[in-house]
Amino acid sequence: MYYPKDTVSAYPEQFIIAEIIREKIINLTEEEIPHSVAVAIEKMVRKKNVLVISVVIFVNRDSQKGMIIGKQGKMISQIGQQAREELESLLGEKVYLENYVRVEKNWRNKDRLLNQLGYIEIEEA
């Protein structure tokens, strides 16, 4: 066993939240944006009875940003709604998602961003 019995995952909560949101993006956009999307949690703050989660969705191109936002913001709204429902069930509390989409060309080749996203660790010299 790699972690205690009462631990559901070895990944930090923020990584799991980001992956749930990423899953919704991939499922809803079908195969239009397969590996060109990443999700980062900017901040999580509890306000009264709500967990406010600020999320940045990274894509490679402007056209991908448009696909994620969708016509009149319908796609980003649908992504947020589905993610929020799953997160509320998982976390056992009300969740408010603030979703932002940012174009970051070649994000998959930027070690600092990959480190921020939790995909790699950068060793300090």
Side-chain angles (χ1 to χ4, degrees):
M1 198 177 286
Y2 295 108
Y3 43 88
K5 285 183 182 181
D6 62 337
T7 302
V8 178
S9 173
Y11 289 102
E13 183 179 59
Q14 289 186 345
F15 182 83
I16 294 169
I17 291 168
E19 284 300 296
I20 287 171
I21 296 165
R22 186 172 181 271
E23 173 193 42
K24 302 308 175 202
I25 293 166
I26 291 169
N27 288 342
L28 288 168
T29 58
E30 297 176 359
E31 294 187 24
E32 295 178 47
I33 307 177
H35 304 288
S36 299
V37 66
V39 178
I41 307 300
E42 291 263 296
K43 66 180 177 178
M44 293 174 49
V45 179
R46 280 193 174 71
K47 292 183 178 180
K48 297 185 182 180
N49 297 327
V50 178
L51 177 61
V52 179
I53 305 172
S54 295
V55 176
V56 177
I57 300 165
F58 292 98
V59 293
N60 281 324
R61 296 187 307 270
D62 288 322
S63 62
Q64 293 167 331
K65 179 178 180 178
M67 284 185 243
I68 289 178
I69 294 172
K71 198 174 241 179
Q72 298 178 336
K74 288 184 181 180
M75 181 58 74
I76 192 77
S77 177
Q78 194 174 5
I79 291 165
Q81 179 183 348
Q82 287 188 15
R84 182 184 48 78
E85 289 171 1
E86 186 170 338
L87 292 171
E88 286 179 344
S89 176
L90 177 72
L91 300 172
E93 63 183 309
K94 237 178 171 9
V95 171
Y96 179 80
L97 287 176
E98 296 174 336
N99 297 311
Y100 303 96
V101 183
R102 184 180 305 154
V103 176
E104 184 72 42
K105 294 182 187 335
N106 299 316
W107 67 263
R108 291 179 289 182
N109 298 323
K110 297 180 179 178
D111 286 349
R112 178 175 278 173
L113 184 56
L114 291 172
N115 182 54
Q116 177 188 347
L117 294 167
Y119 295 144
I120 65 167
E121 281 190 43
I122 298 175
E123 289 187 33
E124 297 293 327

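Count residues from 1 along the sequence.
No option in Val55, Val56, Ile53 other than Val56 meets the side chain to side chain contact (heavy atoms under 4.5 Å, CB included) test with Glu42. None of Val59, Ile57, Val37 except one satisfies the side chain to side chain contact (heavy atoms under 4.5 Å, CB included) rule with Gln64; the exception is Val59.
Applying the salt bridge (Lys or Arg N to Asp or Glu O under 4.0 Å) rule to Glu93 yields the partners Arg46; only residues at least two apart in sequence or on another chain are considered. Glu98 pairs by the salt bridge (Lys or Arg N to Asp or Glu O under 4.0 Å) definition with nothing, not counting sequence neighbours. Residues passing the salt bridge (Lys or Arg N to Asp or Glu O under 4.0 Å) test with Lys24 are Glu86, sequence neighbours excluded.
Nearest heavy atoms, Asn60 versus Val103: O-CG1, 3.6 Å. In this structure, Leu97 and Ala83 approach most closely via the heavy-atom pair CD1-CB, 3.8 Å.
Asn99 CG to Arg84 CZ: the interatomic distance, rounded to the nearest 0.5 Å, is 11.0 Å. Rounding to the nearest 0.5 Å places CD of Glu19 at 8.0 Å from CD1 of Ile26. Rounding to the nearest 0.5 Å gives a distance of 4.5 Å between CD of Glu13 and CD1 of Ile17.
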Side chain to side chain contact (heavy atoms under 4.5 Å, CB included) between Leu51 and Leu87, intermediate numbers included = CA-CA 10 Å; Leu51 177 61; Leu87 292 171; over 6 Å; no
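One hydrophobic cluster, built from ILVMFWY side chains closer than 4.5 Å, cannot hold both Val52 and Ile76; they sit in different ones. Transitive grouping of hydrophobic side chains (ILVMFWY, heavy atoms separated by less than 4.5 Å) keeps Tyr96 and Leu91 in distinct clusters. Follow the hydrophobic side-chain contacts under 4.5 Å out from Leu90 and you reach Ile21 in the same cluster. Linking Ile, Leu, Val, Met, Phe, Trp and Tyr whenever their side-chain heavy atoms come within less than 4.5 Å puts Val95 and Leu28 in one cluster.
Side-chain atoms of Thr29 come within 3.5 Å of backbone atoms of Ile25 as a donor-acceptor pair (strictly under, hydrogens ignored).
Val39 is listed as a side-chain neighbour of Arg22, based on a closest heavy-atom distance under 4.5 Å.
When the shell of 6.0 Å around CG of Asn27 is examined, it contains more than 12 heavy atoms from other residues, nucleotides or ligands.
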